[in-house]
Amino acid sequence: MTDTSAPRVDQDRYDPQAIEPPIAQRWYDERTYSLSPPPSADRSGDDTFYALTMFPYPSGDLHMGHAEIFTIHDALVRHLRMTGKRVLNPFGWDAFGLPAENAARNRGADPSRWTYDNIEEQRSTIVRLGYSFDWDTVLYTCDPDYYRWTQWLFLELLDADLAYRKEALVNWDPVDQTVLANEQVVDGRGERSGAVVQRIPRTQWFFRITEYADELLDDLDTIDWPERVKTLQRNWIGRSEGAEIAFPTADRGKRGKPDEVVVYTTRPDTIFGATYFVFAPEHPLVAERMGDDPAFAAYLEEVSRRSELERISSMEDDRGKRGFRLNFDMVNPFTGEDIPAYAADYVLMDYGTGAIMAVPVGDQRDFDFARQEGLEIRVIIRPTTPDGELLDELDPDTMTEAYLGPGVMVNSGDYDGLPWEDAKERIIADVEAKGWGHARVNFRLRDWLISRQRSWGPPVPIIHCDTCGEVPVPFEDLPVTLPEDLDFQVQGSPLDQHPTWKHVLCPQCGNEDATRDVDTLDTFVDSSWYFLRYLSPNSEEFAWPKEAADAWLPVDQYTGGVEHAVLHLLYSRFVVKAMRDRGYLSADEPFQRLLNQGQVVMDGAAMSKSKGNLVVPGEVYDEFGADTLRGTMLFASAPEDDIDWADVSPTGMHKWLSRVWRLTLEHVAREDAGDAEDGRSVDELRKATAAAIIGVSEDLDAKKYNTGIAKLMTLTNAVLDATRDGSGGPVVREALESLLTLLAPICPFITEELWHRLGHEGSVHDQPWPTADASLLEEDEVEIVVQVNGKVRGRVTVPSGAEQAVVEEAARADETVASHLAGEPVKTIFVPDKLVNLVVKG
RNA sequence: GCGGGUGUGCCGGAACCGGUAGACGGAGGGGCCUUAAAAGCCCUGGGACCUCGUGUCCGUGUGGGUUCGAGUCCCACCACCCGCACCA
């Protein structure tokens, strides 16, 4: 390790601007924190640790949120290294995406140039802040060497029948001019642009993530993630259990016999209460039956207009259900009765089967609609308590809402008297026996739409040929690269409008009229597998080596923002499972443990340039240094809690670091002067050092950096007390060295510098994590709390390990205690070395 | 409506298995040093009361409960934050 002598303006003063940059630059230039041997060759097992942060999107310089993620992450990584782990700590950029394209369109920038310029800016900030990433494994998703393998991933999924193309009603974002996945639509708006999305039919590529719906749900129980995120994913996957049941039409259809319409229901037990039937307005049978009935056409028109308006006005109230009485009836297979058929906008074409049996008594929406249309509300359940005790019967005339609670069946033929759960089971069994349908699990999760009408992304590696259809680009021809001369000023997709790019020969038949797929893959495809590429970022033979994937996956600790709870995190889980089933790796999950760091806000509100409350990392390290920035963030709160920058004090952190600086230099000066004697308070300091080592170790293991720092401050105060008492010998040195090694993961620069000032050659970051003898903490005497009837009335000091009788006697000798002891205690609680509680009658 | 989470001094936050509530820091107040300032250092720091003490009472969102003892466990509620929501 080379010397870190920095230019020193003032020898005595803590000047982070002088000491930090040279050290930072050296760590970067010398690749100090690169893993050697590289991860692809390392299968050592036990002492390895894969630490990952969500890689940033390079849309400008880093913001405080990035600084927080990386600071938490870096403290973890540096600490783990000092405890002897071999840590894979890679970095990269999620470098494809719309902002680059927008810069190109609005300012004529070259998206690649724009992206790499931003990356350089971010890289220099990251280096400046002392984050110990492995710069040998760095990757960029917009690099053809990377997206070649993104395209390979697509072809693998295609081969596995997990990628397919279909026409569907998709979300069109009119501002970003592209389709979006369901996950990217929030409250009917594009999550990026905020524009109200339109539902349009379009032929697009999808990943069959629903194939893994069950596993994605069940395996949430096996990973150590915040409950919040797991809940979000559970909600998103939205599993429900029920049955599909076929209802015949009451008349004959086109084919000369009754048509059958399948409904999905989670409450088959309520089928005797199904008094009408509802189709989604767009249901094909409705179109077939209604033909071009002008009234119905008008209704359809109104519905389509209305649903858009509803999305805009956040659909809270005014949810009157627009219905249309169709020109036919359905038959309830269980009662044999004809029931009227409606179209209504509260039934959605793309959930379940697009048609429902309506049970007003047991479903609020059906109830509302029945009241509105004057339809029969038939009571088929008698409410009970959860324990099965009978409650009052329901009265259809006076009910004001549907009954959703437990009960026993009534008016339900053979099923009368059964508790509803039993009835559900029996009815499903009977439905299956009669061939009317079957049990069925349904998911809210839809397949992942991956086509984007954008041009700064990996092209979909498909060639469309009139004779051969959709032809995958042969592996040897990957990557399908983007042309460098795209014109971003054109209307529509620049890739599509490029004069030559899309025209190719069909790889199968040589047809000259074949064209490339002009869409690109969703950026979330790029990021769904980058943690695998880190294992061999430069390999041209494979996306990742299986042996390395088996050695390093799942990622031991993943740190990043909660905003990716259902997007990136769900997609990555899907990709890992799919690749596992293709034999490319063995892990079931990508990320074993997830930490969602809190947000950095200002006065309770998100920071933004427009609000004028923006603080950027650069300002903070320019004024106080990177160590202060890092320390401030970690000391402010637990990693998962938000930090309000208005509430924290970089000044306080800087003051403390200055004190550490001064104490260390003063000690060095004392040693140099040959004046290094320990004084009478060294025992206290020795204890304080041991306590800090033990306490900080525990705190860092538990990622409680805030309390760890508090303990280091306490140790600093103990050093100060000792030196004021005249100490300046080996015990003080030991205390300072312990302080620096314990602080090293949090504030890497000042500790490195002071470590050298104390005369050490190597890096403090290569020091083993300190340990202490816990017996040092044992006291000869302990203070015991004395309670009377549970209230603290005094404290006594006794030899540690004192017997109850001794403690009790000492306690009763205390005046205040005695004054509260009216008579003999009826009971005494004794906790050795801690507390005695005398209970008297009262 | 459903699900998840959070409520502790002026502020950020501590508090192992139920055992001294408020560690550590910030802001504030007082002092030392200094011609002055900065820096540094020291003291103080939940509220109320009085007999001014090694004093009493109150105090961890609210109300109950369990316990010798509850911020911590149980029940009910309130407030706020986040997510989902016409999902059959």
Side-chain angles (χ1 to χ4, degrees), chain A residues 13 186-187 226-236 238-240 242 263-267 270 278 280 307 310 315-316 319 321 344-348 350-359 362-366 368-369 401 404 442-445 562 565-566 604 631-632 635-638 640-653 655-656 658-659 662 695 698 704 706-714 716-717 720 724 783-796 814-817 819-820 825-831 834-840 842:
Chain A
R13 224 176 152 82
V186 178
D187 288 339
E227 207 46 49
R228 186 161 71 120
V229 177
K230 291 197 199 182
T231 304
L232 289 179
Q233 292 214 352
R234 287 192 188 104
N235 285 349
W236 190 261
R239 183 190 148 101
S240 65
V263 300
Y264 174 72
T265 175
T266 55
R267 294 291 304 273
T270 64
V278 189
S307 62
E310 259 189 350
M315 45 188 173
E316 265 303 282
R319 215 175 259 184
K321 299 175 188 345
D345 54 1
Y346 78 94
V347 174
L348 309 176
D350 59 1
Y351 185 81
T353 61
I356 62 157
M357 65 177 209
V359 183
D363 182 286
Q364 192 58 40
R365 294 154 301 179
D366 297 342
D368 294 342
F369 190 77
E401 56 181 16
L404 304 171
N442 213 9
F443 294 94
R444 181 181 173 279
L445 181 71
V562 75
V566 287
T632 303
F635 186 54
S637 64
E640 49 280 347
D641 290 341
D642 288 352
I643 295 175
D644 194 328
W645 201 252
D647 290 333
V648 301
S649 171
T651 320
M653 181 56 50
K655 241 160 83 176
W656 172 55
S658 301
R659 184 180 276 190
R662 210 178 53 249
E698 277 174 13
K704 292 163 76 173
N706 52 343
T707 54
I709 292 170
K711 284 167 188 152
L712 292 173
M713 288 172 167
T714 304
T716 309
N717 293 341
L720 191 65
R724 221 195 327 273
E783 188 180 69
I784 293 199
V785 171
V786 182
Q787 296 182 336
V788 178
N789 288 347
K791 291 198 172 186
V792 180
R793 296 302 181 188
R795 297 171 178 86
V796 294
D814 183 282
E815 272 180 44
T816 315
V817 173
S819 72
H820 286 90
V826 293
K827 189 173 175 184
T828 304
I829 311 292
F830 180 63
V831 183
K834 266 209 142 147
L835 168 142
V836 62
N837 184 10
L838 307 169
V839 184
V840 294

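Here is the naming used below: chain letters follow the sequence lines, and residue numbers restart at 1 for every chain.
Comparing the P positions of B:G26 and B:U34 gives a spacing of 25 Å, expressed to the nearest Å. Atom C1' of B:G25 sits at a distance of 11 Å from the matching atom of B:A14, rounded to the whole Å. With both ends at atom C1', the span from B:G63 to B:A79 equals 15 Å, rounded to whole Å. Annotation: B:G64 and B:C78 have their C1' atoms spaced 14 Å apart (nearest Å). For the C1' atoms, the distance from B:G46 to B:G59 is 8 Å, rounded to whole Å. Using atom C1' as the reference point in both B:C75 and B:C24, the two lie 36 Å apart (nearest Å). When the P atom is compared between B:U67 and B:G13, the two are found 36 Å apart, to the nearest whole Å. B:C32 sits 46 Å from B:C17 when the P atoms are compared, rounded to a whole Å.
Dashed line: the shortest gap from a side-chain N or O of A:Lys834 to OP1 or OP2 of B:G19 is not under 4.0 Å. In this structure, A:Tyr264 does not reach the B:A88 phosphate: none of its side-chain N or O atoms is under 4.0 Å from OP1 or OP2. A sub-4.0 Å separation between OP1 or OP2 of B:G55 and a side-chain N or O of A:His820 is absent. Put simply, A:Arg234 has no side-chain N or O that comes within less than 4.0 Å of OP1 or OP2 on B:C84.
The distance from the CG atom of A:Leu404 to the CD atom of A:Gln364 is 7.0 Å, given to the nearest 0.5 Å.
When rounded to the nearest whole Å, the span between CZ of A:Arg724 and P of B:C42 equals 4 Å. Separating the CZ atom of A:Arg267 from the P atom of B:C87 is a distance of 14 Å, rounded to the nearest angstrom. Atom CG in A:Leu445 sits about 14 Å away from atom P in B:C84, given to the nearest Å. One can place CG of A:Leu232 at 17 Å from P of B:C81, the figure rounded to the nearest angstrom. At whole-Å resolution of the value, CZ in A:Arg793 and C1' in B:U56 are 8 Å apart. The CG atom of A:Asn717 sits 14 Å away from the C1' atom of B:G40 (whole-angstrom rounding). To the nearest angstrom, P of B:A88 lies 10 Å from CG of A:Leu348. Residue A:Arg228 contributes atom CZ, which lies 21 Å from atom P of B:C2 at whole-angstrom precision.
Residue A:Gly238 is classed as having no contact, given no heavy-atom separation below 4.0 Å to the nucleic acid. Here A:Arg444 lies in heavy-atom contact (under 4.0 Å) with a base. Residue A:Ile643 is out of contact with every strand shown, counting any heavy-atom pair closer than 4.0 Å. Counting any heavy atom pair closer than 4.0 Å across all strands shown, A:Lys655 reaches sugar-phosphate atoms only and no base atom. Residue contacts shown for A:Val347 include a base, since a base heavy atom lies under 4.0 Å away. Within the 4.0 angstrom heavy-atom criterion, no nucleotide atom of any strand lies near A:Lys711. Nucleic acid contact for A:Val785: base, since at least one base atom lies under 4.0 Å from a heavy atom of the residue.
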> What do the steps show when you test A:Val786 against A:Asp814 for side chain to side chain contact (heavy atoms under 4.5 Å, CB included), and what is the final call?
Replying inline: CA-CA 9 Å; A:Val786 182; A:Asp814 183 282; over 6 Å; no
>> Checking A:Asn837 against A:Lys827 for the side chain to side chain contact (heavy atoms under 4.5 Å, CB included) test, could you report, in this order, the C-alpha distance in whole Å, the side-chain angles of both residues, the deciding distance, and whether it holds?
In response: CA-CA 8 Å; A:Asn837 184 10; A:Lys827 189 173 175 184; over 6 Å; no
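Map A:Ile356 and A:Met713 each onto its nearest nucleotide of RNA chain B; the residue landing nearer the 5' end is A:Met713. Residue-to-nucleotide proximity on RNA chain B shows that, of A:Val839 and A:Met357, the 5′-proximal contact is made by A:Val839.
Of all nucleotides present, only B:C68 satisfies the Watson-Crick or G-U wobble test against B:G19, with each distance under 3.5 Å. Both distances falling under 3.5 Å, in either a Watson-Crick or a G-U wobble arrangement, place B:G40 opposite B:C32. Remark: B:U62 base-pairs with B:A76; criterion is Watson-Crick or G-U wobble with both hydrogen-bond distances under 3.5 Å.
For the 3.5 Å distance criterion, the side chains of A:Arg444 and A:Asn235 fail to qualify, holding no donor opposite an acceptor.
For A:Asn235, the side-chain atoms get nearest to B:G83 when compared with the rest of B:C86, B:G83, B:U54. Residue A:Glu227 places its side chain closer to B:G5 than to any other of B:G5, B:C42, B:A88. Nearest to the side-chain atoms of A:Lys791 among the listed nucleotides B:G26, B:C58, B:A88 stands B:C58.
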When you compare the protein's N or O atoms with those of nucleotides 30-33 of chain B, which come within less than 3.5 Å of each other, and at what distance?
none

Tabulated below should be each protein N or O lying under 3.5 Å from an N or O of nucleotides 8-14 of chain B; please produce it.
unit_1, atom_1, unit_2, atom_2, d
B:C11, O2', A:Asp647, OD1, 3.3
B:G12, O2', A:Ala636, O, 2.6
B:G13, O3', A:Asn706, ND2, 3.3
B:A14, OP1, A:Asn706, ND2, 3.2

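Taking every heavy atom of both residues into account, A:Thr265 and A:Met357 meet most closely at OG1-CE, 3.8 Å.
The base of B:C68 sits within donor-acceptor range of the side chain of A:Asn837, with an N or O pair under 3.5 Å. A donor-acceptor contact under 3.5 Å links the side chain of A:Gln787 to the base of B:G19.
Glycosidic conformation of B:C10 is anti; the angle lies outside 90° of 0. Anti is the glycosidic conformation of B:G47, whose angle departs from 0 by more than 90°.
Inter-residue side-chain proximity for A:Tyr351 and A:Asn442 is flagged as met; some heavy-atom pair is nearer than 4.5 Å.
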